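Take a look at the structure set out below.
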Amino acid sequence: MVLKNLIPYYMISSITTKFDHALQTIRGNHNLRQLHDCSFQVQHARPTPPKPQIIIDRDPHIVQYTKSISTHMRNGHCHLALRLFNDMPYRNLFSWNLMLAGYVKNRRLADARNLFDLMPQRDVVSWNTMLSGYVRSGCVDEAKLVFYNMPHKDSISWNGLLAVYVQNGRLEEARWLFELKSDWKLISWNCLMGGYVKRKMLGDARHLFDRMPVRDVISWNTMISGYAQDGDLSQARTLFEESPVRDVFTWTSMVYGYAQNGMLDEARRVFDEMPAKREMTYNVMIAGYVQYKEMDMARELFEAMTCRNVGSWNIMISGYGQNGNIAQARKLFDMMPQRDCVSWATIIASYAQTGHLEEAMDMLVEMKRDGESLNRSTFCCALSTCADMTSLVLGQQVHGQVVKTGYDNGCLVGNALLEMYCKCGSICEAYNVFERIQQKDIISWNTMLAGYARHGFGRQALLMFDSMKISGFKPDEITMVGVLSACSHTGLTDRGTEYFYSMNKDYGITPNSKHYNCMIDLLGRAGRLGEAYNLMRNMPFEPDAATWGALLGASRIHGNTELGEKAAEMVFSMEPHNTGMYVLLSNLYAALGKWVDVGKLRLKMRQLGIQKIPGYSWVEVQNKIHTFTVGDCFHPEKDRIYAYIEELDLKLKREGHVSLVKLVLHDVEEEEKKQMLKYHSEKLAVAFGILTIPAGRPIRVMKNLRVCEDCHNAIKHISKLVGRLIILRDSHRFHYFSEGICSCGDYW
DNA sequence: GTAGGGTTAG
């Protein structure tokens, strides 16, 4: 819960074990063709003994075998189980079923299927086991196939099919199936109701709940927690009062509901009333305090706990981390009697979030030293940290580890890798990663698209958009932000406008504030400041700092002081310390030669305590800069600039730094060039040739002055030639980019 | 010693 605000939602989902668990199988890519291409093989080395006509189930020898097989399977040692299985003098149906169930439990669906196909005979348990394998892995089609081929179906089989629909959000089909027969077991009622609750279809859930012939504590809990999580505490409370049975989940759901919605006193009242509390309930209550920044209350309860579990510690650490008290977080972390991977992930995320990126990476190293193996969640966390540090070198190291564990073609880790490479400006690598992801999801596509857009590859971004649609993905809000920003950064004003106005009709997406901001940016860049301003005025919501920032950016490009000052004023009223905007305004003045105003602005900044702008000088950059965009391809000195850049690259390489400077040039089609020329007035320097410097290492190198004088001078020289550097900074959480400009030699 | 449901926290 606490981490939700820190890292992208798909990452937080991964932290819950359940998701991680599900993920292992869902991403395992078990389509039918691959089912047969698997490692499982029953050895036929020893001649098959004469098959006993009657299966002697109680044969003590066989029972011994099956017991051992079961133990091995429980411990995840499939190969040992298989060896025993192969060694058995003969195999009864029970042992086959046991092996099958073992494979299913260990997520080795392909092996399970192969075994299933080899079975000399199958009973309803075999079929149900196979079905459950597909159900757990979310393979709807395969599950259906198994279900329809089953000679005999019992309530478990029916429930399996229902579950596979429910779990994959295919509630219409589930509903249809449910109406087919009337003798559903309680478990299936609960299953369908749970599906409605998960989808926030509380009306449907309640309807079902009211129709239920029998209810058990699970039915009540599902409904209560549904209301509680939806914030409908009065309904939850009513049901809670009515419920004939309550268990720890019933109580905890109520505490959770109140705590989540900030009704901490109510939550505490229920909590105090609750008999026989468990750590879980304490943790929920503490997490509530943490979320509403009541760290003292959280601490008090934490101290009062007689038996804390790892989760309790983790919540407290995350709470301190989130509230900026990193020292306290670290102290608790060091005090912990036991740590799990989440503890590490939390402390690392806390460091990363508070800007202590180096410490974050150090902890990562320490974590490995401590023997904690990186799992998917921690890999994601690590990669996200690398991305925030824009440290390609570290990111590549983590990537190496990922490859070793074989997580790299999974979707979750794949997406994290993708994001890391995109943020570190290594767009080609990003594309390689993208291609390797076996089952791409919408996030993969969105990340790749946004990556292209961010780095000025507008055309590729739009191509991505098309292939994404061809692959059967429906663009979502985030996709459209990427598309609009791609148009904006490529000068495709008309196309962007078209997308904006038709996205509701075409994809059913109502433009949100981010889309509007993109549009304002798009129009502003094209010099259509009036239109941009009007659009802002007619937005269905109040303009925020980003909106005004886009206008300020446009005003800077087109030298419109009046609008620029107004926009800046608005930004500063909302975000007085938005350094990027100070730089923009300062550059607007500088471009118009208003040096007096520049001076005034700098004075004001100093008064505000903004001595140096982090991220805007070569020495101080460290964390903020993701990509330096130098000049445009029509720059008169373009060739010389590139020559210098290459020279610098060589020099740095000679000093032993790997791939420090990377030059990316676009292939621009003739027609597009014309469009660009038309779009950019001569004054503009908009991204076209992109110099991408993975900021982490080289910058740190320079900070430590380990770079030779030559290189330092070369860098200075480049920026002088270019005249100015456009720094693309992305506030990645919003997929929206604001630009700051640093004047030549202006290393504050 | 074989197959099916709800759940909190990080």
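Residue numbers begin at 1 in each chain, while the letters A, B, ... track the order of the sequences. Every value quoted in this text rests on a predicted model; they were computed, and no experiment measured them.
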Looking at the side chain of [X], which of [options] is the nearest nucleotide?
X        : options             : answer
A/Leu98  : B/dG6, B/dA9, B/dG1 : B/dG1
A/Asn97  : B/dG1, B/dT2, B/dG5 : B/dT2
A/Val125 : B/dA9, B/dT2, B/dG5 : B/dT2
A/Thr66  : B/dG1, B/dG4, B/dA9 : B/dG1
A/Ser70  : B/dA9, B/dG1, B/dG6 : B/dG1
A/Phe94  : B/dG1, B/dA9, B/dG6 : B/dG1
A/Tyr256 : B/dA9, B/dG1, B/dT2 : B/dA9

Original post:
Just by distance, with hydrogens left out, do A/Ser157 and A/Asn128 show a side-chain donor and acceptor under 3.5 Å apart?
Top reply: yes
Subject >> A/Asn283 and A/Thr281: side chain donor to acceptor below 3.5 Å >> reply: no
Qualifying residues under side chain to side chain contact (heavy atoms under 4.5 Å, CB included), relative to [X], sequence neighbours excluded:
X        : answer
A/His61  : A/Asp59, A/Tyr65, A/Pro89
A/Leu177 : A/Trp158, A/Leu161, A/Leu162, A/Tyr165, A/Leu180, A/Trp184
A/Glu172 : A/Arg175
A/Gln167 : A/Val135, A/Ala163

May I have the distance from [X] (atom [atom1]) to [N] (atom [atom2]), rounded to whole angstrom?
X        : N     : atom1 : atom2 : value
A/Arg215 : B/dG5 : CZ    : P     : 22 Å
A/Met99  : B/dG1 : CE    : C1'   : 14 Å
A/Asn221 : B/dG6 : CG    : C1'   : 7 Å
A/Met305 : B/dA9 : CE    : P     : 15 Å
A/Leu100 : B/dG4 : CG    : P     : 11 Å
A/Leu332 : B/dA9 : CG    : P     : 20 Å
A/Phe178 : B/dG5 : CZ    : P     : 16 Å
A/Phe85  : B/dT2 : CZ    : C1'   : 12 Å

**OP:** Could you tell me whether A/Arg206 and A/Asp210 have a side-chain N and a carboxylate O separated by less than 4.0 Å?
**Re:** yes
**OP:** Using the test side chain to side chain donor-acceptor pair (under 3.5 Å), find all partners of A/Ser219 that sit at least two apart in sequence or belong to another chain.
**Re:** A/Asn190, A/Asp216
Distance test, side-chain N/O of [X] to OP1/OP2 of [N], below 4.0 Å:
X        : N     : value
A/Lys105 : B/dT2 : no
A/Arg136 : B/dG4 : yes
A/Tyr282 : B/dA9 : no

Original post:
Which pairs with one or both residues in residues 258-280 of chain A pass ring pair (Phe, Tyr, Trp, His ring centres under 6.0 Å), sequence neighbours excluded?
Top reply: A/Phe271-A/Tyr282
Subject >> Inter- and intrachain pairs under ring pair (Phe, Tyr, Trp, His ring centres under 6.0 Å), touching residues 289-317 of chain A, at least two apart >> reply: A/Phe302-A/Trp313
Original post:
So what does A/Asp216 hit on the nucleic acid, given a heavy-atom distance under 4.0 Å: a base, only sugar-phosphate, or nothing?
Top reply: base
**OP:** Could I get the full list of ring pair (Phe, Tyr, Trp, His ring centres under 6.0 Å) partners for A/Tyr227, not counting sequence neighbours?
**Re:** none
Subject >> Base B/dG1 to side chain A/Asn92, donor-acceptor N/O within 3.5 Å cut-off >> reply: no
Taking DNA chain B as the partner, which of [range] come within under 4.0 angstrom of it by heavy atom?
range                       : result
residues 185-196 of chain A : A/Lys185, A/Ile187, A/Asn190
residues 227-236 of chain A : A/Gln229
residues 148-157 of chain A : A/Asp154, A/Ser155, A/Ile156

Original post:
Going by the salt bridge (Lys or Arg N to Asp or Glu O under 4.0 Å) test, which pairs reach into residues 237-261 of chain A, not counting sequence neighbours?
Top reply: A/Arg237-A/Glu241
Original post:
Hey, mind stepping through A/Arg113 and A/Tyr103 against side-chain hydrogen bond (donor to acceptor under 3.5 Å, both in side chains) and telling me if it holds?
Top reply: CA-CA 9 Å; A/Arg113 179 66 201 209; A/Tyr103 278 133; over 6 Å; no
